[in-house]
Amino acid sequence: MKKKILVAGGTGYIGSHTTVELQNAGYEVVIIDDLSNSNIEVLDGIEKITGVRPIFIQLDLKDKEGTRKALAANPGIEGVILFAASKAVGESVKQPLKYYRNNITTLINILELMPEFNMKGIVFSSSCTVYGQPDPQNLPVTEEAPIKPALSPYGNTKQINEEIIHDTIHANAPFKSIILRYFNPIGAHPSAEIGELPNGVPQNLIPYLTQTAIGIRKELSVFGDDYNTPDGSCIRDYINVVDLAKAHVIAMDRMLNTNNEKIEIFNLGTGKGVSVLELIHTFEEATGVKVPYRIVGRREGDIEKVWANPAKANKVLGWTAQESLADTLKSAWNWQVKLREGGIQ
Ligand code: UFG
């Protein structure tokens with residue numbers, strides 16, 4: 001019988017790609033999502049790619065009673081992957097309580113409900129934001145690098161969430177956890193049936209870039225060229241979203257089928273740092289499309305440079321990022337073109 005997994009936030013960007021990979025790997029997926037930052041049509045995209053429509057429950061996971069009912073109506077869920085969270089850094093500075101309420105209540109509800117329904121493990125979406133700006137000797141950054149004070153309420157919720165999971169497991173919770181610290185997820189499924197769908201003006205680099213390339217935005221602002229990096233622009237580790245999604249399937253397999261540690265943390269990145277300017281040029285070469293851009297001042301709160309040492313995930317999970325940056329950027333472009341064809345943007 002197929003193992004059943006709850007994907008909390010499964011219609012979102014990373015959640016939808018992970019649902020596809022879980023279904024491809026033979027899992028049955030139950031999605032709970034309140035659609036506050038995603039769209040019901042994502043289910044059509046998932047079905048087109050995999051031939052299977054996941055079970056979908058529209059529900060706010062802050063509603064514990066509602067979540068309990070949903071789980072009771074879908075018995076036999078063995079593991080949960082928690083994506084559902086508010087994730088806009090800038091908004092979190094303006095509306096901190098929204099972030100603390102959404103991101104912390106949701107986790108607590110799920111952790112409290114897991115034993116009631118005999119769930120064996122939770123994969124949690126964390127972020128390289130927990131490392132802040134690593135000291136030079138800690139680049140590329142490993143899981144052992146110190147956690148730095150968060151620069152935003154959003155980042156703080158990720159740190160607090162990790163601590164809540166640690167404390168809960170430490171208190172002999174009857175389940176395991178794998179915490180995945182993502183670097184910068186980008187790109188879309190190669191079918192262009194699913195991808196990133198930002199609400200309003202995008203805050204992240206790739207959706208802003210592809211919207212500029214297609215003419216929705218006039219020009220891309222490059223936030224600073226006076227950083228201590230080879231070309232002066234910030235450096236990140238851009239990881240293909242399908243590669244990232246596959247790591248979740250491996251993590252879930254590991255928790256459900258092996259005698260691994262009760263709590264493990266993995267960096268998910270490529271191990272390669274890429275500057276904003278390099279990324280723009282790689283996009284232009286890969287797609288043949290020009291990106292009008294202008295250098296502007298630094299964005300408050302930006303980290304100068306961070307990229308992963310993914311050796312632990314490579315070795316322990318047997319997972320390595322596969323897609324090239326050029327192909328990943330092409331997938332983001334194909335998705336943007338598909339959105340235009342669909343009249344969405
Ligand atoms: N950038 C631009 N112009 C833009 C948007 C971004 O130059 O219009 C630059 C940023 O300055 C940064 C890089 O592109 O150097 C990447 O920026 P993103 O906003 O795409 O991503 P961040 O690295 O800032 O954000 C990521 C995650 C968050 C996390 C944050 C912590 O998206 O979840 O890292 O630093 F909290």
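All residue numbers refer to positions in the sequence shown, counting from 1. Whatever order the structure lists ligands and atoms in, that order sets their numbers, starting from 1.
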inquiry  = Is atom 2 (C) of ligand 1 touching the protein, meaning some protein heavy atom lies under 4.0 Å away?
reply    = yes
Ion pair Arg53/Glu47, N-O distance below 4.0 Å = yes
ask   = Any N or O on Val222 sitting closer than 3.5 Å to an N or O of ligand 1?
value = no
key: Salt-bridge contact Lys312-Glu143 (side-chain N to carboxylate O under 4.0 Å)   = no
task = For atom 35 (O) of ligand 1, find the nearest protein heavy atom and state the residue, atom name and distance (0.1 Å precision).
result = Ile303 CG1, 4.0 Å
query = At what distance is the nearest protein heavy atom to atom 15 (O) of ligand 1, and which residue and atom is it?
reply = Cys234 CB, 3.0 Å
remark   = Under 4.0 Å between heavy atoms, the region of Ile206 that gets near ligand 1 turns out to be neither
ask   = So, do Phe83 and His17 have ring centers that fall under 6.0 Å from each other?
value = no
Point-to-point distance, once rounded to the nearest 0.5 Å, from CD of Gln58 to CG of Leu35 = 4.0 Å
request  = Determine whether the side chain, the backbone, both or neither of Val89 has a heavy atom under 4.0 Å from any heavy atom of ligand 1.
outcome  = side chain
query = Hey, is atom 32 (O) of ligand 1 under 4.0 Å from any protein heavy atom?
reply = yes
key: Ion pair check, Arg181 and Glu162, cut-off under 4.0 Å   = yes
ask   = Backbone, side chain, both or neither: what part of Asp302 comes under 4.0 angstrom of ligand 1, heavy atoms only?
value = side chain
request  = Please work out which of Tyr154, Phe223, Tyr293 has its closest non-hydrogen atom nearest to atom 28 (C) of ligand 1.
outcome  = Tyr154
ask   = Could a heavy atom of Arg236 be found less than 4.0 Å from some atom of ligand 1?
value = yes
query = Have Asn102 and Ser86 got a donor and an acceptor in their side chains that come within less than 3.5 Å?
reply = yes
request  = Work out whether the distance between some heavy atom of Ser221 and some atom of ligand 1 is less than 4.0 Å.
outcome  = yes
query = Any idea which protein heavy atom is nearest atom 20 (O) of ligand 1, and the distance to it?
reply = Leu205 N, 2.8 Å
task = Measure from NZ or CZ of Lys3 to the centre of the six-membered ring of Tyr27 and say whether it is under 6.0 Å with the direction within 45° of the ring axis.
result = no
inquiry  = Counting only heavy atoms, tell me which of Ile295, Asp225, Thr157, Thr129 gets closest to atom 30 (C) of ligand 1.
reply    = Thr129
key: Within reach of ligand 1, part of Asn184 (heavy-atom separation under 4.0 Å)   = side chain
key: Side chain, backbone, both or neither: Asn204 near ligand 1, heavy atoms under 4.0 Å   = both
message = Below the 3.5 angstrom mark, is there an N/O of Arg299, backbone or side chain, next to an N/O of ligand 1?
response = yes
key: Atom pair CD/CG of Glu144 and Asn138 - distance to nearest 0.5 Å   = 10.0 Å
ask   = Of the protein's non-hydrogen atoms, which lies at the shortest distance from atom 9 (C) of ligand 1, and what is that distance?
value = Val276 CG2, 3.8 Å
key: Atom CZ of Arg298 with >12 non-hydrogen neighbours under 6.0 angstrom   = yes
ask   = Which of the numbered atoms in ligand 1 are below 4.0 angstrom from a heavy atom of Leu220?
value = 8 (O)
inquiry  = If the threshold is 4.0 Å, N to carboxylate O, is there a salt bridge linking Glu261 and Lys176?
reply    = no
ask   = Quick one: do Phe283 and Ile206 end up in the same hydrophobic cluster if we chain Ile, Leu, Val, Met, Phe, Trp and Tyr together by side-chain heavy atoms under 4.5 Å apart?
value = yes
ask   = Any chance CD of Glu300 has more than 12 other-residue heavy atoms, nucleotides or ligands included, within less than 6.0 Å?
value = no
Per-atom contacts of ligand 1 with Gln203, taking only distances under 4.0 Å to non-hydrogen atoms = 5 (C), 19 (O)
request  = Would you mind telling me if ligand 1 is within reach of the side chain of Tyr238, the backbone, both or neither, using heavy atoms under 4.0 Å?
outcome  = side chain
